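Working notes, structure below.
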Amino acid sequence: MKASYYMKTRGNYKSVGIVGLPNIGKSTLFNALTSSQAAMAANFPFCTIDPNVGKVFVPDERLDLISNMLKTKSKVGTQLEFTDIAGLVKGASEGEGLGNKFLGNIRQVSLIVHLIRCFEDKDITHVTADLNPIGDIETIETELILSDLQSLEKVLQDHSKKKSTPEVQLRHDLSRRVAKALEAGIPSRDVEIDEKEWPVFQSLHLLTSKPTIYVCNVSESDALTGNKFTDQVKEYSKKKQIEIDPVVISAKIESELANMESDEMKKEFLDAYGLTNNGLSKVINGARKLLGLQSFYTASEVECRAWTIPVGTKARQAAAVIHSDFEKSFIKADTIAYQDFIDANGDEKTCRDKGKQRSEGPNYIVQDGDVILFKVSC
Ligand SMILES: Nc1nc2c(ncn2[C@@H]2O[C@H](COP(=O)(O)OP(=O)(O)OP(=O)(O)O)[C@@H](O)[C@H]2O)c(=O)[nH]1
Ligand SMILES: [Mg+2]
């Protein structure tokens with residue numbers, strides 16, 4: 001199985017890193033995502049040196065609907081952490097442009113949002129004279145591959161000094177196999193890894209093991225339709241079997257939207273570009289999907305809340321996300337599937353009467369969208 005399969009099922013989630021060449025709009029996108037001006041965005045390469053980290057609210061239409069139905073006083077969504085990383089350049093793995101430091105920042109994140117410049121603007125400096133999105137993608141991916149090859153070389157050198165045990169042998173063989181794939185230009189996330197090898201693979205902390213989403217930054221006028229550059233990226237992504245289709249956004253539109261206070265203003269602004277909603281939701285929810293995350297809900301007239309859990313989480317562990325004590329004091333999870341809850345207009349009693357509320361035990365595998373009332377002992 002491919003390495004990213006395990007990434008999905010094990011739900012190893014920390015932070016999403018925005019990665020790309022210098023001066024292409026990474027900090028502009030970060031500011032839009034975090035609705036802030038926390039990151040300095042300016043027209044010169046390497047404007048960002050130290051990473052900016054921020055929490056981003058996950059747009060959640062289901063939570064909005066549940067909360068509207070129940071007319072709740074308070075609504076609390078889940079969050080996802082994003083990190084705005086400095087621009088990488090060719091030669092980064094050799095230390096070019098503070099490359100090793102920046103590559104180290106990528107090591108800390110669980111998923112890569114690879115931002116690609118797909119807008120033409122002579123006033124905004126680019127690393128190459130002509131715009132070449134595929135060349136740009138390959139520049140970044142080559143640096144990640146080279147950096148991983150360096151890491152594996154060290155692992156293999158260390159092994160040659162160690163006494164041979166089955167564990168050392170497994171690590172050695174796996175490292176050799178992954179290095180061979182990297183030498184052929186295949187990122188380690190596309191290498192077949194079996195269950196036994198998985199913990200060792202994870203411990204290698206390879207940059208190319210991270211699932212990736214391509215995000216095309218286009219000019220305002222191309223936000224609705226995309227352009228010839230985004231078509232190239234889409235084709236490339238298909239060829240490389242990237243799990244999530246590239247997202248086309250205008251970081252400029254998104255950052256302006258994020259600064260608007262009222263919903264009416266936002267709607268008017270989006271209408272002017274023929275857009276119906278912002279593109280950030282696709283980036284955020286795409287990242288969550290690739291990280292193998294899902295939500296369950298707690299819903300009452302006082303508060304509606306979404307909670308994040310990895311796919312496959314059992315009811316007892318889901319309860320612990322609300323409060324760590326709930327893991328021990330868990331009695332049962334009164335559960336209604338999302339669609340049943342909506343069909344009953346958010347009325348728990350109707351669900352109960354129709355037999356749509358199930359009393360689940362600790363080993364129940366929570367489903368995406370479940371509306372749950374946990375019973376715990378005090
Ligand atoms: N024309 C145009 N300019 C943009 C767009 N997105 C960002 N910019 C401009 O490009 C410049 C660089 O933007 P940043 O967000 O600082 O880019 P960055 O990728 O974070 O740059 P580094 O931190 O230096 O790697 C700024 O002047 C932005 O206003 C866009 O979609 N269109
Ligand atoms: Mg920046």
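All ligand and atom numbering here is 1-based and tracks the order in the structure. Heavy-atom basis, side chains included; hydrogens, waters and symmetry copies ignored. Computed from a predicted model, the values in this text were never measured in an experiment. The chain is numbered in sequence order, starting from 1.
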With the threshold set at 4.0 Å, does a side-chain nitrogen-carboxylate oxygen contact exist between D64 and K75?
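Yes.
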Salt-bridge criterion met for R62 and D368 (N-O under 4.0 Å):
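Here R62 pairs with D368 in a salt bridge, since their nearest N and O are under 4.0 Å apart.
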Only one of V127, L21, V89, I134 forms a side chain to side chain contact (heavy atoms under 4.5 Å, CB included) with T139, so which one is it?
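Per the side chain to side chain contact (heavy atoms under 4.5 Å, CB included) rule, the option paired with T139 is L21, out of V127, L21, V89, I134.
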Measure from the side-chain N and O atoms of R189 to the backbone N and O of K210, and report whether any donor-acceptor pair falls under 3.5 Å.
yes
Is there side-chain contact between E153 and Q150, with at least one heavy-atom pair below 4.5 Å?
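With C-beta onward as the side chain, the pair stays apart.
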With 2.8 Å as the limit, count the protein N, O or S atoms near the Mg ion (ligand 2).
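Total protein N/O/S atoms under 2.8 Å from the Mg ion (ligand 2): 2.
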Give every donor-acceptor pair under 3.5 Å between a side-chain atom in residues 264-273 and any protein atom, sequence neighbours left out.
residue	atom	partner	partner atom	Å
K267	NZ	D271	OD2	3.0

Is it true that the NZ or CZ of R305 lies under 6.0 Å from the centre of Y297's six-membered ring and within 45 degrees of the ring axis?
no
For residues 228-239, tabulate all N or O donor-acceptor pairs below 3.5 Å that involve a side-chain atom, not counting sequence neighbours.
residue	atom	partner	partner atom	Å
T230	OG1	N227	N	2.8
T230	OG1	N227	O	2.8
Y236	OH	E138	OE2	3.4

For ligand 1, the residues whose heavy atoms come within less than 4.0 Å (ordered by chain, then number)
P22, N23, I24, G25, K26, S27, T28, A41, A42, N43, F44, P45, F46, C47, T48, G87, F119, D121, I124, N217, V218, K252
For a quick check under 3.5 Å, do S188 and S209 share a side-chain donor-acceptor pair by atom type?
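No.
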